[in-house]
Structure formats: C-alpha cells, structure tokens
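Read through the structure below, which is laid out as structure tokens, and then see the notes.
To find a chain, count down the sequence lines: A is the first, B the second, and so on, and within it residues start at 1.
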2 protein chains.
Amino acid sequence: MAHSHEAHHHERPRDLTRNQELVLTTLNNAEAPLSAYDILDKLRDEGLRAPLQVYRALEKLIEHGLAHRLESLNAFVCCADANCHGRASGTAAFAICSNGGRVDEFADPEVTARLAAWAGETGFALERTTIELRGRCAECRAA
Amino acid sequence: MAHSHEAHHHERPRDLTRNQELVLTTLNNAEAPLSAYDILDKLRDEGLRAPLQVYRALEKLIEHGLAHRLESLNAFVCCADANCHGRASGTAAFAICSNGGRVDEFADPEVTARLAAWAGETGFALERTTIELRGRCAECRAA
DNA sequence: GCGCGATATGTTATGACATTACGCTATCGA
DNA sequence: TCGATAGCGTAATGTCATAACATATCGCGC
C-alpha cells in the first residue's frame, strides 16, 4: 500500500524525500507550469543532474496529490490547494492562459458528476480524468 | 480567412490534399489512436518521409474538425462523427481504455455549459477544451 | 498569359520530453 | 542477519515535435 500511516487519505509533506522536497519547492515558487527539464535546470545547484531524478520525484508528488501534470503542456504545477483538493471537490480542472501561461485550478462537482454518470452508463471503469481549458485569462485580456 | 467557400461552418473532405487524405484514411482504418510517427511508418510506401509531413496534415485535419489530438497520449484519432461533431454537441470528450487503447468519443452539453459558465464568471476567454477520461472500457472488463 | 500571394510540399537538422536498464544504498521488520 | 522495499545516481536511448530553408502549385486580378 501507499499509506504507511492512517488518519488521512493522502500523505502529508513530512513524508517527502530530499528530491521530492526540492521539486515541490521549485513548483511552489514558480509563477507558471514548469517542464521536468525546467525543474532540473533550477536544481542543478542542489546536485540534481538527470531528468529521471525529477521525473521520479514528480511521480510521487502526483501520487500524493501535491502536484499535477498538465497534459496539454507537458508540464507540471503544484496543487493549488496544498492539501486534498483532488478528492475533496472532485476532479480538478485547469484553465491555462495562452498568454502568460498562468494556470487556474478549479473543480466543478457537476462536471465531475456528469462524467461519472457517463462512465456508469457505459460501463467504463474511470481511473483518472483530465480537464484542461485553453484561452486568455481576465488579467491578460485587460492588459 | 480559412474558408474559401461559404454555406457551412467547416470544410468537407473534398478539400483535402493528398497528404491530408492519406493521413485521414490511415486514422480511419486504425482501431486505436496513432502517434504521428505511427502514421508516418504506415505511409512510407506512399512516399512520406518526414514527421513534418504528417504533422502538417494533422494540423489541417484538426482545424477542419476531422481529427482530434489526444493530449494525454500524444496521439491522434479521427473524429467519431465524420462531420460536425465538434460544434454541434459541444466540446468533445474522450474515454481512453488503458487496456486496449480504444477510444470512445462523446459530448455532454451540461459539462460544456458548466465549463463555459466558469469561464464566463472568471473572465476567461475560452478557446479550446480538453477532456480525457482514462480507465478500462466495458469490453475489456468483460474479457 | 503574366505576376503575385497564399498554400502546400520536401528535406535536413535540431530541440524538447520521457523512459529503460543497471547498480548501489538505506531502512525496516521477520 | 537476511531479504524485501524504496529511493538514488548515471548513461544511454527512445519518442514526440518544430525550425529553417528551398521549391512547387493553384487561383486570380490585370
């Protein structure tokens, strides 16, 4: 099992290894999504040298619900909500600004429900859902 | 403008060039999504040699609503509905079977509406939406 | 028919993203 | 103490996508 202790439905930051910590901090400090190689470049000084070190850390962070992969960008962001966003309010959706690259994470229970309903009717065993919106954010439109 | 003739809101197959035709046919004959390089391999005999030839054709097919890109797979499928699915029933969603790789395309107007509503409230100028479900399809679960 | 713009094409080279394979180390409980 | 599990480090490779440049083709106004 993934859980080494009980009490909550996903791990807390205290479980993180050094590499995971470094990668998470990098994502937290970023204004926009970062590719694995972006992260690697930022962590050379900390001793990271190979893409795999980053990918492995990302894999765990995503498992723990602390980060997300943006499929349409091949890039990564930290979870908006630091904690439990994923399972609490349903599937996370992402609005990605084509201009600045800024990302807004949200969840719509109705959307989650409708997709689950479709899966139920169709006999599709849903494991994971990706919802990504592309467009220009309000801030960029104003400027 | 992209339109050289009026009467309909996207192009019909008759507009396709040779390369576009080849790529579309390949997608139509496929049981599962194909990567650009898969397509290229299948079209070597027809004289295609470089990835770019495939990517350029795909770009146009997608513009015309005849094919879709699956972001979570970095692969492509032809539109389920041969014609107009995109704008008619709202944003297309895809259920991708982790097992066989088979893809089921559908559209849920309520989901489309909720996402559009979120965009409206937030001032996000929505350009394109990606919805991809991963899991096991009914057929594979039965087997 | 000629020239022009728009679009498609072909080719080479390169860039960006991701994983396989291998070996070593640390931790933990039987 | 042994073995299982998980993490780490490195090199090599695989996969996906685009830049840059040159050439060709079509429609159309003149």
- request: Might you work through the ring pair (Phe, Tyr, Trp, His ring centres under 6.0 Å) test for B:Phe94 and B:His68, ending with a clear yes or no?
  value: CA-CA 10 Å; B:Phe94 302 89; B:His68 301 283; 5.0 Å; yes
- request: Go through the steps for A:Arg69 and B:Glu71 under the test salt bridge (charged side-chain N to carboxylate O under 4.0 Å, His left out), then give the verdict.
  value: CA-CA 11 Å; A:Arg69 176 187 174 89; B:Glu71 299 288 355; over 6 Å; no
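Residue A:Leu70 contributes atom CG, which lies 17 Å from atom C1' of C:dA16 at whole-angstrom precision. Here the P atom of nucleotide D:dC16 and the OH atom of B:Tyr55 are 7 Å apart, to the nearest Å. Rounded to whole Å, the distance from CD on B:Glu21 to P on C:dA8 is 14 Å. Between the C1' atom of D:dT25 and the CG atom of B:Asn19 lies a distance of 13 Å, rounded to the nearest Å. Whole-Å rounding puts the B:Leu16 CG to C:dT9 C1' distance at 16 Å. If you take CD of B:Glu71 and C1' of C:dC17, they are 14 Å apart, rounded to a whole angstrom. Going from atom CD of B:Glu59 over to atom P of D:dC16 covers 19 Å, rounded to whole Å. As a whole-Å value, the separation of A:Arg56 CZ from C:dT20 C1' is 11 Å.
Contact check, A:Thr17 against D:dC8: a side-chain N or O comes under 4.0 Å of OP1 or OP2. When the side-chain nitrogen and oxygen atoms of B:Gln53 are compared with OP1 and OP2 of C:dG10, one or more of them lie within a distance under 4.0 Å. Distances shorter than 4.0 Å separate some side-chain N or O of A:Asn74 from OP1 or OP2 on C:dA18.
Test A:Asp38, A:Thr25, A:Leu22 against A:Leu43 for side-chain contact (heavy atoms from CB on, under 4.5 Å) and you get one pass: A:Leu22.
For A:Arg18 against D:dG7, no side-chain N or O and base N or O form a donor-acceptor pair under 3.5 Å.
When the nearest nucleotides of DNA chain C are assigned to B:Gln20 and A:Leu73 by heavy-atom distance, the more 5′-ward of the two goes with B:Gln20.
A:Gln20 contributes a side-chain N or O that, together with a main-chain N or O of A:Thr17, makes up a donor-acceptor pair within less than 3.5 Å.
In the displayed structure, A:Glu110 atom CD is contacted under 6.0 Å by more than 12 heavy atoms of other residues, nucleotides or ligands. In the displayed structure, B:Glu46 atom CD is contacted under 6.0 Å by more than 12 heavy atoms of other residues, nucleotides or ligands.
Ranking D:dG7, D:dT10, D:dT18 by closeness to the A:Leu52 side chain, first place goes to D:dT10. For B:Pro51, whose side chain is taken as the heavy atoms from C-beta onward, the closest listed nucleotide among C:dA18, D:dG9, D:dA17 is D:dA17.
Shown for residues 25-50 of chain A: residues whose heavy atoms fall under 4.0 angstrom of DNA chain D, namely A:Arg49, A:Ala50.
Between B:Arg102 and B:Glu31, at least one side-chain N (NZ, or NE/NH1/NH2) sits under 4.0 Å from a carboxylate O, which counts as a salt bridge.
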